[in-house]
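Contents: one structure, followed by commentary.
Protein chains get the first letters and strands the later ones, always in sequence-line order, with residue 1 at the start of each.
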2 protein chains.
Amino acid sequence: MGTVSIKDVAARAGVSPGTVSNVLNRPEKVAGDTRARVEAAIRDLGFVRHGSASTLRAGHSRTIGLSVIDIGNPFFTDVAAGVEDVASERGYAVILGNSSGSRMKEERNLLVFAEQRVRGVLITPSDEDGARLDRLRERGISVVLVDHPAERSGQCAVAVNDVTGGAMAVSHLLGGGADRLGYVGGPAAIRQCQDRRRGAEQALAAAGRDPGDLLELAMPAMTARAGQQAAEKLLADRSLPDALFCANDLLALGVLRGLLQAGVRVPDDVSLIGYDDIDFASASTVSLSSVRQPTYKLGRVATELLLDECDNPDTHAHQQIMFQPDLVVRESTR
Amino acid sequence: MGTVSIKDVAARAGVSPGTVSNVLNRPEKVAGDTRARVEAAIRDLGFVRHGSASTLRAGHSRTIGLSVIDIGNPFFTDVAAGVEDVASERGYAVILGNSSGSRMKEERNLLVFAEQRVRGVLITPSDEDGARLDRLRERGISVVLVDHPAERSGQCAVAVNDVTGGAMAVSHLLGGGADRLGYVGGPAAIRQCQDRRRGAEQALAAAGRDPGDLLELAMPAMTARAGQQAAEKLLADRSLPDALFCANDLLALGVLRGLLQAGVRVPDDVSLIGYDDIDFASASTVSLSSVRQPTYKLGRVATELLLDECDNPDTHAHQQIMFQPDLVVRESTR
DNA sequence: TCCTACGATTAAAACGTATCAATCACAATC
DNA sequence: GATTGTGATTGATACGTTTTAATCGTAGGA
């Protein structure tokens, strides 16, 4: 009834538990017929290995932790898809943690990862406190930063150049004849927001404009709801810029909805550009211009780096990879 | 160095390992000052409990498995948000498995869950094979069906009435004067698709029409991409109905894009309604009519049932909960 | 025939925690 | 002063696996 262990399998196959373990972990070490007998016993008894016992004895598990800022954002589900594909190819399970941008929840997720003795952690940190991650590394848990450049060498990181992306977006807006520009950002602690704003300012400067001209609006979240609130605020202030750059597409879609509801025409009255090029950007009321990132690849590459670090700790060389974004022009900036 | 165990904590606090374990699991059983001493030692040493050892000894873990059909679908991320909130409130971690509609991947995820000895499993099954789930139950793993009615009593299930929902959608289309109706569904194995179609047929019958009139198109996936392909197929066949009901919003958004690209006007030439009322439905080019489900609540309630079953196995009474959907009318059916 | 070598298998010892019966200290009761 | 009771703590054991050294059996070389 209860649970069938390696011993039961051994008994039925007429071998010792050690041999069963070998069949499970180093099948090449055991003779053909014994192996067949053991495999038959496993099947007959419906044995499934006790992962915890295995982890306990082996000192490490076959799981990795993935901590993201907002699983409701298609950007992160795409990343997660890439992560999961690579992980399951290599026999790893993924524990998903959603920080929702809350430092406390992120902390709790990392604690869970540590308790589960995950082999490694993939994280898009929600702030710049690298010390927590170092504490994980001290525990022997590899950490790879996702969508975040390395603060220093000695770690792997996979990111997309957000400064360039921000600059692309804003010089596109300027090229379209925009004069008064606004930036709708997210929480100040989120690096992506800062970098994209910096890129925006650089583009302004490059066009001979004062970077201080950029009207900035920082929302507490990067969701469609927050975007709609941003639009309402902009409308209430009677200071509507003629071009808006949003830190991500969810914000932009929310802004778009808010503007259209108020009778503001996009792009005639206001040009609008988002960031991430999520699937829905091209399907919106007015299709949304955006900055595309190699999202799925980000997840894949990060996971490959992490598992390489886990599986070949001696030969592994840390890498910091930086992809470049692409501008995607659609109706909202024409 | 490596890892600090309960013994190290015990030594530093001058107590036995058993006491440390008590501090961790039944703090009320241990005297105030000893507890304080132990907690200090835990903090000083940076001890974190070894989840695997704990699971091994206790015979059960503090994790649950969540298996969904498509994590790229906002419907499921909403469900997952509800699950995660309840789980973390009660100190459980969630292992997420994405079956992508593939039976094989679902199977593999369930195997991972079994190996990890999760306490229970929440699953939106991708087909009707309940035997696999019974095998989990034999192992002492509770299973709650999510967005799927129970096939029999003796299990918990939380669902939304898809037949009603399908009927709502189609009678709305009929009420708008639709004549030739089409249904864009997903894989035949997915129950939601069947039920929504059945509801559609019932609505036709109720209106005195032949249910066989429903033009049916079954796509291999329920994604926006598949929806766009569906639109292309409908256009190529020159048999475009004047009203389309799609099995979910992603399909509908894809269909919408496909139709608009071909110059078909929505809703003038073709009325269109989706299902789920995801956030993006209201933001699309032509805002999408849909059938709303209490998604987040679905996740919450399912998790509460599961954890009740896990934590109070003796007093727990299985429940089959069925929510009702709501019709949301927008531009695409006006 | 004896010895060596080698491949296949085994026996036993961990891994870090939870649990439970046993022990202890000490106060309350007779 | 002996007994009982109570609350706090301890010691020992078991959970299911992996791993290492040891053992076994057999074949090949001398």
Side-chain angles (χ1 to χ4, degrees), chain A residues 1-39 41-42 45-63 91 114-119 139-141, chain B residues 1-39 41-42 45-63 91 114-119 139-141:
Chain A
M1 43 124 273
T3 173
V4 26
S5 86
I6 220 177
K7 280 185 195 170
D8 305 317
V9 174
R12 173 176 254 254
V15 298
S16 80
T19 300
V20 177
S21 176
N22 280 334
V23 170
L24 257 32
N25 302 306
R26 293 101 104 186
E28 74 282 359
K29 291 277 170 197
V30 32
D33 51 340
T34 0
R35 184 168 65 210
R37 232 167 47 242
V38 170
E39 281 165 351
I42 288 179
L45 268 46
F47 166 83
V48 355
R49 166 216 259 108
H50 196 308
S52 293
S54 171
T55 297
L56 175 58
R57 169 62 229 223
H60 56 84
S61 69
R62 297 284 287 179
T63 58
E115 285 195 353
Q116 295 303 122
R117 296 296 194 271
V118 296
R119 195 70 184 280
R139 292 212 149 77
I141 299 178
Chain B
M1 44 125 274
T3 173
V4 25
S5 86
I6 220 177
K7 280 184 195 170
D8 305 316
V9 175
R12 172 176 256 254
V15 299
S16 80
T19 300
V20 178
S21 176
N22 280 336
V23 171
L24 257 32
N25 303 305
R26 293 102 105 186
E28 75 282 0
K29 290 277 169 195
V30 30
D33 53 339
T34 1
R35 183 167 66 209
R37 233 165 49 241
V38 170
E39 281 164 350
I42 288 179
L45 267 47
F47 166 81
V48 355
R49 169 215 254 104
H50 196 308
S52 293
S54 171
T55 297
L56 175 57
R57 168 62 228 224
H60 57 83
S61 69
R62 298 284 289 179
T63 59
E115 285 194 353
Q116 296 302 122
R117 296 297 194 271
V118 296
R119 196 70 186 279
R139 292 212 150 77
I141 300 178

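- Using a 4.5 Å cut-off on side-chain heavy atoms (C-beta onward), A:Asn25 and A:Arg49 make contact.
- Of all the heavy atoms in B:Pro17 and B:Lys7, the pair that sits closest is CG-CG, 4.2 Å.
- Shown here for A:Leu45 and A:Val4, the closest heavy-atom pair between the two residues is O-CG1, 3.6 Å.
- Atom pair B:Ile6:CD1 and D:dT10:P shows a separation of 12 Å (rounding to whole Å applied).
- The CD-C1' distance, from B:Glu28 to D:dT9, rounds to 15 Å in whole Å.
- Between the CD atom in B:Glu28 and the CZ atom in B:Arg35 there is a gap of 8.5 Å [rounded to 0.5 Å].
- Across all non-hydrogen atoms, the minimal contact from A:Leu56 to B:Ser52 is N-CB, 4.3 Å.
- Side-chain contact between B:Pro27 and B:Asn22 is absent, with no heavy atoms from C-beta onward closer than 4.5 Å.
- At a threshold of 4.0 angstrom between heavy atoms, the contacts of B:Arg26 are confined to the sugar-phosphate backbone, with no base atom among them.
- Closest to the B:Thr34 side chain, of the nucleotides D:dT9, D:dG16, D:dT13, is D:dT9.
- Residue-level contact check: B:Ser5 touches the backbone only, with heavy atoms under 4.0 Å from sugar-phosphate atoms and none from bases.
- Here salt bridge (Lys or Arg N to Asp or Glu O under 4.0 Å) pairs that include residues 9-24 of chain A, with residues two or more places apart or in two chains, are A:Arg12-A:Asp44.
- Atom OG1 of B:Thr55 is separated from atom CD of A:Glu115 by 9.5 Å, given to the nearest 0.5 angstrom.
- A straight line from CZ of B:Arg57 to C1' of D:dT13 spans 7 Å, rounded to a whole angstrom.
- Between B:Val38 and B:Leu24 there is no side-chain heavy-atom pair separated by less than 4.5 Å.
- Heavy-atom distances under 4.0 Å link DNA chain D to no residue of residues 8-17 of chain A.
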Mind listing the N/O atom pairs, protein and nucleotides 24-27 of chain D, below 3.5 Å?
none

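- Distance, A:Leu24 CG to D:dT18 P: 6 Å, rounded to whole Å.
- In this structure, A:Gly18 and B:Gly18 both approach DNA chain D, and ranking their closest nucleotides by distance from the 5' end singles out B:Gly18.
- Within the 4.5 Å cutoff, the side chain of B:Arg117 has heavy atoms near those of the A:His50 side chain.
- Counting heavy atoms from C-beta outward, A:Glu39 and A:Val23 have side chains that approach closer than 4.5 Å.
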Note, DNA chain D 5' to 3' with Watson-Crick or G-U pairs under 3.5 Å encoded as ( ), [ ], | and . gives ||||||||||||||||||||||||||||||
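- Once you apply a 4.0 Å limit to the heavy atoms of chain B, the touched nucleotides of DNA chain C run 5' to 3' over C:dG16 to C:dT19.
- Counting heavy atoms from C-beta on, the side chains of B:Arg139 and A:Val48 come closer than 4.5 Å.
- We find that CZ of B:Arg117 is positioned 9 Å from C1' of D:dG16, with the value rounded to whole Å.
- In this structure, the side chain of B:Arg119 does not engage the main chain of B:Thr63 through any donor-acceptor pair within 3.5 Å.
- For the segment residues 47-55 of chain B, residues with any heavy atom less than 4.0 angstrom from an atom of DNA chain C are, sorted by number, B:Phe47, B:Arg49, B:His50, B:Ala53, B:Ser54.
- Atom-to-atom, CD of B:Glu115 to P of D:dT17 comes out at 10 Å; the value is rounded to the nearest Å.
- Within the 4.0 angstrom heavy-atom criterion, only backbone atoms of the sugar-phosphate kind lie near A:Val30; the bases stay farther away.
- The NZ atom of B:Lys29 sits 9 Å away from the C1' atom of D:dG7 (whole-angstrom rounding).
- Here the OG-NE2 distance, from B:Ser54 to B:His60, works out to 8.0 Å after rounding to the nearest 0.5 Å.
- The CD1 atom of B:Ile141 sits 10.5 Å away from atom CD of B:Gln116, with the distance rounded to the nearest 0.5 Å.
- Taking all atoms of both residues into account, the shortest heavy-atom contact from A:Ser16 to A:Ala10 is C-CB, 3.7 Å.
- Rounded to whole angstrom, the span from the NE2 atom of B:His60 across to the C1' atom of D:dG16 amounts to 16 Å.
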